[in-house]
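Structure first, commentary second.
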Protein chains: 2
Amino acid sequence: MPAVSAEEGHTAGTGTGRRRAGRPSAAVLDKAGITTAALDLVSRKGYDGLTMAALAKQLEVAPSALYNHVASKRDVLLLVEDHLTSLVDVSAFGSKSWEDAVRTWAWSYRDVFAEHTPLIPVIAVLPVTDAPQTLAMYETVSKGFLDAGFPEERIVSAIVALESFIFGSAYDVTAPGDIFEPGSMADANPHFTAAVRSSAGPGRPADTAFGLGLEALISGLGALRGQAG
Amino acid sequence: MPAVSAEEGHTAGTGTGRRRAGRPSAAVLDKAGITTAALDLVSRKGYDGLTMAALAKQLEVAPSALYNHVASKRDVLLLVEDHLTSLVDVSAFGSKSWEDAVRTWAWSYRDVFAEHTPLIPVIAVLPVTDAPQTLAMYETVSKGFLDAGFPEERIVSAIVALESFIFGSAYDVTAPGDIFEPGSMADANPHFTAAVRSSAGPGRPADTAFGLGLEALISGLGALRGQAG
DNA sequence: ACCTGAACACCGTTCAAGT
DNA sequence: ACCTGAACACCGTTCAAGT
């Protein structure tokens, strides 16, 4: 795979005129360029702005040209997802304690995907075979669990449980601050209303809930270390 | 709000001919009928089949007629979501131990939304004010936590943490069975591959992971009971 | 093999006209 | 107030034609 950046792709037709029909002497598109352009588009316009037409425009090709490199829009989302996974911090596995490594990884993972929640429905059903960076992350995490004394046959379940919590929590970050404000329904729901009113603390509510759940998972799952399956 | 069922709505024009333009003597649509029709459509065709055009057809109206009752398709999804929440089993709060009540509620909640994962992105950002049944569920759960000695100011965070785990886990149920099969990448990722190969157990993998994470959360969060904030 | 350009079968939503 | 019908501004995707 040649290292063609979106920038190069963007300025491939260095001149002014448009490309005429027919196969160009050198391919103007490749997966790496499509990925970079998609990421750039998302950062500027959000996921609503990520359409095949807009992506093609950014790359200065016709929309149909994209289908020589990806089979569908979902394929584009998978390329983006796999790139983002490479940004997740797994460095603490192997250098810190298991608890600290899971903490660092989980917070980083949540932060990355909180900015990209529209990918979550895609990730959840994504076979890892199609996502090499994602697979690499699982490899590092699995080794960290194994080295910490985690029973091998429970590792996948533990990772899935943590990931489920992480993805669900990523949505919370995007929720409006007053999502739990009962408004006119307060009188009919007194216990919940009191709980909401008393729950104000320092920091973002999404961070408080994530920290609470993550520490519970770390201590609960951590208890499995050194046990047989 | 009159109790017009979708059935009645469906057969409102009992005769054969189509309705002519102009306001009908009695309204043929209302929110309850739209909700029932949407649920019926989803159960027959899935969420891909839930379009404003298909919904209108089911109700025997023009698509634009729907906009007299909902502001957007998102509004339709909120109506569906609030109905589904009323199906979640909260009955164990008040009759069983806190642990058993959370277990019953969480499994039921996950099972309901595993069949409706396209709603999850909508739910996560949904202000409770617009969803009375959802608010009623939170009221019951909050009272259960309070009665079990949970500190009031931690209740919302604990519920959010549990919900995040539940929503993330609902996606897992829909994932293909071989989602973690490393395929040709197995050799480059030996620890993860070994973990996947050894993880086969009885029951669905999604259920194993959900059970593992839920028990960790229950014991971790349960430790907060009787403490000050 | 890998582009362009035209076309297809949809979407959600708006709005004037009608009763 | 609440329906119809026509229109608008999009979507993702396919495919023949071109080099």
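Every chain is numbered from 1, with letters handed out A, B, ... down the list of sequences.
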| Mind checking what makes side-chain contact (heavy atoms from CB on, under 4.5 Å) contact with A/Asn68, not counting sequence neighbours? | none

| Nearest-Å distance for atom pair CD/C1', residues B/Glu60 and D/dC3 | 14 Å

| query | What pattern of brackets, bars and dots sums up DNA chain D from 5' to 3', given Watson-Crick or G-U wobble pairs under 3.5 Å, [ ] for crossing pairs and | for another strand? | reply | ||.|||||...|||||.||

| Between B/His69 and D/dC3, is there a side-chain N or O to OP1/OP2 distance below 4.0 Å? | yes

| message | Test of understanding: with ring pair (Phe, Tyr, Trp, His ring centres under 6.0 Å), list the residues that count as partners of B/His191, not counting sequence neighbours. | response | none

| According to the salt bridge (charged side-chain N to carboxylate O under 4.0 Å, His left out) rule, which pairs have a member within residues 164-184 of chain B, sequence neighbours left out? | B/Glu181-B/Arg197

| query | Rounded to whole angstroms, how far apart are CZ on A/Arg19 and P on C/dT4? | reply | 5 Å

Contacts under 3.5 angstrom, residues 206-214 of chain A side chains, donor-acceptor by atom type, not counting sequence neighbours:
residue	atom	partner	partner atom	Å
A/Asp207	OD1	A/Arg110	NH1	3.0
A/Asp207	OD1	A/Arg110	NH2	2.8
A/Asp207	OD1	A/Arg204	NH2	3.2
A/Asp207	OD2	A/Arg204	NE	3.1
A/Asp207	OD2	A/Arg204	NH2	3.4
A/Thr208	OG1	A/Arg204	O	3.4

| Heavy-atom protein contacts under 4.0 Å, nucleotides 11-19 of chain D, coded B base, S sugar-phosphate only, - none | SSBBB--BB

| Counting distance only, does the side-chain N/O of A/Asp130 pair as donor-acceptor with the main-chain N or O of A/Leu126 below 3.5 Å? | no

| Contacts of type side-chain contact (heavy atoms from CB on, under 4.5 Å), residue B/Thr117, not counting sequence neighbours | B/Ile120, B/Ala170, B/Tyr171, B/Thr174

| All pairs passing side-chain hydrogen bond (donor to acceptor under 3.5 Å, both in side chains) where residues 73-82 of chain B contributes a residue, at least two apart | B/Glu81-B/Thr85, B/Glu81-B/Thr134, B/Asp82-B/Thr134

| Which residue pairs pass the ring pair (Phe, Tyr, Trp, His ring centres under 6.0 Å) test when at least one of the two sits in residues 23-56 of chain A, sequence neighbours left out? | A/Tyr47-A/His116

